[in-house]
Amino acid sequence: MAARIGLVKQLHCALLKTKLSALSAGIRRCSALSNSESHKEFTSKRVRRKFIDFFKEGYEHRVVPSSPVRPRGDPTLLFVNAGMNQFKPILLGCPDRRSEMVSYRRVVNSQKCVRAGGKHNDLEDVGKDVYHHTFFEMLGNWSFGDYFKVEACAMAWRLLTEEYGIPADRLYVSYFSGDTANGLPADEETRLIWLSMGVRPDHVLPFGMKDNFWEMGETGPCGPCTEIHYDHIGNRNAAALINADSPDVVEIWNLVFMQYNREVNGSLRPLPQCSVDTGMGLERLVTVLQGKRSNYDTDLFTPLLSAIHQCSKAPAYQGRTGEADVGQVDMAYRVLADHIRTLCVCIADGVYPGMTGAELVLRRILRRAVRFSTEVLQAPEGALASLVPTVAHILGDAYPELHIESERIMDLINQNEVQFLSSLKQGRRVIDRTLSNMDKDSAVFPASVAWSLHRNLGFPLDLIDLMLEEKGKMVDKKEMTVLEDEYEKLRFQSEEDDGNRVDQLDLHSLAELQSQGVPHTDDSQKYCYSLGSDGQYVFQPCRASVLALYCDGALVSEVNEGQCCGVILDQTSFYAEQGGQAHDQGYFTKDGLQDVLFPVKSVRLAGGYVVHQVTAGETLRTGDQVELHLDKANRLGCMVKHTTTHLLNFALRELLGPSVNQRGSHCTASRLRFDFSVKGSLSVSELQKVEELVQHIIRQNAEVYIEEVLLSKAKQITGLRTIDEVYPDPVRVVSVAVPVSDLLNSNTTEQASVELCCGTHLLRTGAVRDFVIVSERQMVKGISRILAVTGDEAKKARETGQAMQEELESLAVQVEAASSLSMPAAQMLSKEVGLLMNAVDITPIPQWQRRELQTRLKAMQKTSNTTIRKLEIKEAALKAKELLVKHSNKPVVVDLIQTDSISVLMKTVLQLSKSTPDSMVMLLSHLQLSGKVLCACQVPKGSASGSAIKWAHSVCARLGGNADGSTDVAKGAVWLRIEI
């Protein structure tokens, strides 16, 4: 190592000697720049543009657009939270071998990032200080197996000191000091690079794993990093303040050198290819270049703060924090300015406020913003949404989707604000009611109620604490922690895979396969099928050689009977799960052992290899010959559903307009799921029209054209529908009814379903046979989900719907004549209506028909309930009349009557009390069969004798029952245990 370091030092000195003189001159020149000059020169837009151009024009980096903040196929993340997220397939060695990503060597971009949930969560800190954000932009440059430490450090230093003009004496760099426990030496190479570039020795500082060793996660690529820090004060030695949480000395750029891979067992192995991953927060850099001390004082935020002031009743923003910020007014300004940026970016990228995952986090962000807006800044309803155009003005040049989606963003924010303000009122009532039923001497509020408010009504926990603090109460924090832990446990259990995942190839195994020259799997045979003369699909047989076996995290040469392993073949006809289509099912047989089956549990792609997860039915070795047996019925079912998904996408856009965008889909052999953006649930008429259009294309038996086309040409096709995916090049174009060649040559004006798709499809639409939407509902405001079935399942859904329609008509006749029924008969009829309502809700039938049936059944239930209520009032009046004669004007009336209805019992109490307003009345009813005793009571308003709830509770509790109600009226129940 010492010899290597010495050689590196000599090389660096030689290579950089010429550059250092110019660099020194540049540094001296830049040091003279004043903050006022920097502020005039560097707008945020110019800072972003200069960063991109510096690497693009000066160092031949490819500019890659920011990915959306919704991670692409990465379940480990709620949001994209770093610039490297979209490049993880490269770092993990498994990019799609036909995508552009394979050719990436030098890359630069500005990535939209959100840190509000999961490991990186800044949400609760936002507003308290002047530098935390939930949304920020990460400027970054990357090298994938190209340049490394020398070039990365030199480019970073030149950009900061020469291009941005930051005085070199204000900059400090840290490097990795090593770690004995992990067997890692100090990164002397990086230290020598900085020194050789002229950085002062007392500005080059060592730090350990916590500060200067970056890891992607518990496993995966990692390595030492070197960070560049800026001293806002200057003219001093600020070395002691590096990594000391000082607001005066802040990190502005982190250069990560990916050298190792963290294995599952915690050990570190050198990577087969080293990479560079750098990240610099735009907000913090702009703060430095504009001579400010707060990110919120830069032009990324000042227009927003001005807009907030104009729409609120609060004084102008003054930048105060802590105790100086009386009433948290400035904190509220910062919360709104930050959160509205996050809301705009997330909604524009298809993440809408909802109840799970990233959607739930966004819902909390929105509600936190609404609370500070309405309660602290006294802004009117709708003020939050009014800030959207300002965000689009500030960020729209870099992210044009903000302009395109502005109207949708405003609509969603307004809808969610109205809903939350309504929930606030409801929540306050829940808190008041709970407090009224609590012991006055108790200061502890039930955690279960607080948790329900948080989970079900979306109350921020800090808001619950504040509301209780005003009333001298507090939540039981221990109990709350238990509830939170239980929720997290359940959530993680639901997210855990059921074991169907492929034993995924790790980074080193992928590198080993490549170094051994194992070719990528030829999976073109998954597309090799045709229509026979009988109209049935014919799938070509496939024989293959076992090239590799992967078991227990390592490549092996053989596996034994009963072992689960990943099998890599030279070719396959099995479809690996991707593009929203489920993987194929089936089994292998081995030459010479045709009766021994190797069931295929799952099929996935990894770095160009198709990995079949197989349970070995016999010993299997590399080099063995196998025959693949596809589950043809399952494959055909997936083909039907996938082609139908394209037809559905086309129909929705045709009928509802171009604002409809696909937000996700999944096809299995049994059903399809399709998520799309739309303002509200579809009407009955819209559902019918969508079904009719899809069925029309099915009846046409239209041909499905599939052709591989260069990605650049495919994107020029008029009417092409794409989603946020990294597409291969060339890419498969799937068109229904119109040849792809006509679309490419613009030889047709016919509207067609045309998409980029890697899935397997029908050759003609007639094989779908029938189509029924069995469910359509809003998952979150602005995104609907359709579930649909085809073929026999669609036919069955129609027949079931018709049967339910006939049952409804029969019940409707009875409900019309219900007024002549007895109480038991009327109750039985109401029960039958309720049972049909439940069946309609859960049974697969056409969704448009479900809506119609539900509307009619609700009306019938209302009529039935009205009839029962009238019969109850009539019965109660008779019983009250008898009791009035029996008890006359007694001050306390307690009696037993015959009824099995708590409603009749309560109505009798109310009628009797109305006739004897000064009497305390309690009536009981014994249900002989169940042993249950019903209790109802009423006391005169303002009675000094006590409250109804206490009276009912004392009676019921004595017998082991319970009661609820108010000071005037209460009811309860007791279950008597009769021992013989």
Side-chain angles (χ1 to χ4, degrees), residues 38 41-69 79-88 90-91 104 106-115 120 122 131-144 146-147 151-166 171 173 214 225-230 250-258 275-290 292 295 298-301 338 341-342 345 349 394-400 402:
S38 296
E41 186 178 359
F42 287 112
T43 63
S44 57
K45 291 179 181 179
R46 184 161 182 252
V47 172
R48 186 192 297 112
R49 185 73 260 157
K50 180 175 280 289
F51 184 91
I52 301 293
D53 290 346
F54 175 81
F55 287 99
K56 175 188 174 184
E57 297 170 5
Y59 296 96
E60 298 180 333
H61 284 58
R62 180 193 296 231
V63 180
V64 175
S66 169
S67 70
V69 293
F79 299 99
V80 166
N81 58 23
M84 53 70 59
N85 290 158
Q86 70 168 309
F87 304 118
K88 278 177 74 172
I90 303 177
L91 298 172
Y104 290 174
R106 298 183 174 205
V107 166
V108 63
N109 83 345
S110 177
Q111 173 64 50
K112 298 174 290 186
C113 299
V114 173
R115 289 186 178 172
H120 299 288
D122 291 344
Y131 50 85
H132 272 100
H133 303 292
T134 51
F135 165 74
F136 64 97
E137 296 180 67
M138 184 71 85
L139 304 172
N141 61 291
W142 288 267
S143 162
F144 303 113
D146 192 325
Y147 61 81
E151 296 87 346
C153 293
M155 286 187 281
W157 194 257
R158 182 181 166 224
L159 176 61
L160 293 178
T161 59
E162 294 185 27
E163 299 297 323
Y164 286 137
I166 297 176
L171 298 176
V173 293
W214 190 91
C225 63
T226 181
E227 296 177 336
I228 304 175
H229 300 254
Y230 176 79
V250 295
E251 174 212 333
I252 57 173
W253 205 345
N254 187 11
L255 284 62
V256 180
F257 306 124
M258 300 284 197
S275 298
V276 174
D277 165 15
T278 85
M280 176 160 56
L282 174 68
E283 291 78 8
R284 195 169 285 187
L285 177 62
V286 171
T287 299
V288 169
L289 295 178
Q290 293 185 0
K292 305 296 183 182
N295 295 357
T298 69
D299 66 348
L300 286 167
F301 290 93
D338 172 88
R341 285 168 27 113
T342 305
V345 168
D349 281 350
I394 298 169
L395 300 176
D397 287 356
Y399 312 111
L402 292 171

**Q** So how far is it from Glu251 CD to Met280 CE, rounded to the nearest 0.5 Å?
**A**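 Reported to 0.5 Å precision, the distance equals 10.5 Å.
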**Q** Test of understanding: with ring-ring contact (aromatic ring centres under 6.0 Å, His included), list the residues that count as partners of Phe135, not counting sequence neighbours.
**A**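 For Phe135, no residue satisfies ring-ring contact (aromatic ring centres under 6.0 Å, His included) once neighbours in sequence are set aside.
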**Q** Please report the C-alpha distance between Ser44 and Asp299 in whole Å, then the side-chain angles of each, then the deciding distance to 0.1 Å, and finally whether the side-chain hydrogen bond (donor to acceptor under 3.5 Å, both in side chains) criterion is met.
**A** CA-CA 7 Å; Ser44 57; Asp299 66 348; 3.1 Å; yes
**Q** Of all the heavy-atom pairs spanning Asp349 and Pro68, show the shortest one and how long it is.
**A**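 Of all heavy-atom pairs spanning Asp349 and Pro68, the closest is OD2-CA, 3.2 Å.
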**Q** Find the distance between CG (Leu139) and CZ (Arg284) and round it off to the nearest 0.5 Å.
**A**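 These two atoms lie 13.0 Å from each other.
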**Q** Return the minimal non-hydrogen interatomic distance between Asn109 and Val64, and the atom names on each side.
**A**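 Looking at all heavy atoms of both residues, the closest pair is CB-O, 2.7 Å.
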**Q** To the nearest 0.5 Å, what is the distance between NE2 (His132) and CZ (Arg115)?
**A**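 His132 atom NE2 to Arg115 atom CZ measures 9.5 Å (nearest 0.5 Å).
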**Q** Go through Glu137 and Ser110 one step at a time and tell me if the side-chain hydrogen bond (donor to acceptor under 3.5 Å, both in side chains) criterion holds.
**A** CA-CA 6 Å; Glu137 296 180 67; Ser110 177; 3.3 Å; yes
**Q** Do Asp397 and Arg49 make a side-chain contact, defined as non-hydrogen atoms from C-beta onward lying under 4.5 Å apart?
**A**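 Side chain of Asp397 against side chain of Arg49, heavy atoms only: no contact under 4.5 Å found.
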**Q** Sequence neighbours left out, what passes side-chain hydrogen bond (donor to acceptor under 3.5 Å, both in side chains) with Asn254? Give chain and number order.
**A**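 Here no residue qualifies.
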**Q** Between Glu151 and Arg106, does any side-chain N to carboxylate O distance fall below 4.0 Å?
**A**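 Not counted as a salt bridge, because no side-chain N and carboxylate O are separated by less than 4.0 Å.
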**Q** Side-chain contact, heavy-atom cut-off 4.5 Å: Val80 with Gln86?
**A**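 A side-chain contact under 4.5 Å is absent here.
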**Q** Which residues satisfy the side chain to side chain contact (heavy atoms under 4.5 Å, CB included) test with Ser143, sequence neighbours excluded?
**A**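 Asp146, Tyr147, Val276.
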**Q** Are Phe257 and Thr226 side-chain neighbours, meaning at least one heavy-atom pair lies under 4.5 Å?
**A**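 A side-chain contact exists here, since the closest heavy-atom pair is under 4.5 Å.
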**Q** For Phe54 and Met155, what are the C-alpha separation, side-chain angles and deciding distance, and is it a side-chain contact (heavy atoms from CB on, under 4.5 Å)?
**A** CA-CA 9 Å; Phe54 175 81; Met155 286 187 281; 4.3 Å; yes
**Q** Could you tell me if the side chain of Val107 sits less than 4.5 Å from the side chain of Phe55, heavy atoms only?
**A**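 Not touching, per the 4.5 Å side-chain cut-off.
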**Q** Which heavy atom in Tyr104 sits nearest to a heavy atom in Arg62, and how many Å separate them?
**A**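 It is CE2-CD, 3.5 Å.
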**Q** Please check this pair: side chain of Gln111 against backbone of Ala82, looking for a donor-acceptor N/O pair closer than 3.5 Å.
**A**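 Not confirmed, Gln111 side chain does not pair with Ala82 backbone.
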**Q** Is there a side-chain contact between Lys292 and Phe301 in this structure, where contact means two heavy atoms from C-beta onward sitting under 4.5 Å apart?
**A**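 SC-SC contact between Lys292 and Phe301 ruled out.
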**Q** Please lay out, stage by stage, how Arg48 and Leu282 fare under the test side-chain contact (heavy atoms from CB on, under 4.5 Å).
**A** CA-CA 7 Å; Arg48 186 192 297 112; Leu282 174 68; 3.7 Å; yes
**Q** Could you check whether the rings of His61 and Tyr59 sit parallel, tilted or perpendicular, using 30° and 60° as the cut-offs?
**A**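 Rings of His61 and Tyr59: perpendicular, over 60°.
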**Q** Got a sec: does the NZ of Lys56 have more than 12 other heavy atoms crowding it under 6.0 Å?
**A**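 Open.
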**Q** Quick check: closest heavy atoms across Gly83 and Cys113, and the distance to 0.1 Å?
**A**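 Where Gly83 meets Cys113 most closely, the heavy atoms are N-SG, 4.1 Å.
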**Q** If we check ring-ring contact (aromatic ring centres under 6.0 Å, His included) with Trp253, which of these qualifies: Phe51, Tyr230, Trp157, Tyr164?
**A**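 Single pass found, and it is Phe51.
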**Q** Could you check Asn295 against Thr287 for side-chain hydrogen bond (donor to acceptor under 3.5 Å, both in side chains), going step by step and ending with a plain yes or no?
**A** CA-CA 5 Å; Asn295 295 357; Thr287 299; 2.7 Å; yes
**Q** Out of Asp338, Val114, Leu300, which one pairs with His133 under the side chain to side chain contact (heavy atoms under 4.5 Å, CB included) rule?
**A**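 Output: one option passes, namely Asp338.
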**Q** Which pair of non-hydrogen atoms, one from Thr278 and one from Trp142, has the smallest distance, and what is that distance?
**A**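 It is O-CZ2, 4.1 Å.
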**Q** What is the minimum heavy-atom distance between Ala156 and Leu255, and which atoms define it?
**A**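 Reported closest heavy-atom pair: CB-CD2, 4.0 Å.
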**Q** With rounding to the nearest 0.5 Å, note down the distance linking SG in Cys225 to CE in Met258.
**A**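 If we round to the nearest 0.5 Å, Cys225:SG and Met258:CE are 10.0 Å apart.
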**Q** Quick one: CG on Leu285 to CD1 on Ile252, what's the gap to the nearest 0.5 Å?
**A**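 CD1 of Ile252 is found 6.0 Å from CG of Leu285.
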**Q** With rounding to the nearest 0.5 Å, note down the distance linking NZ in Lys50 to CD in Glu163.
**A**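 Output value for this atom pair is 4.5 Å.
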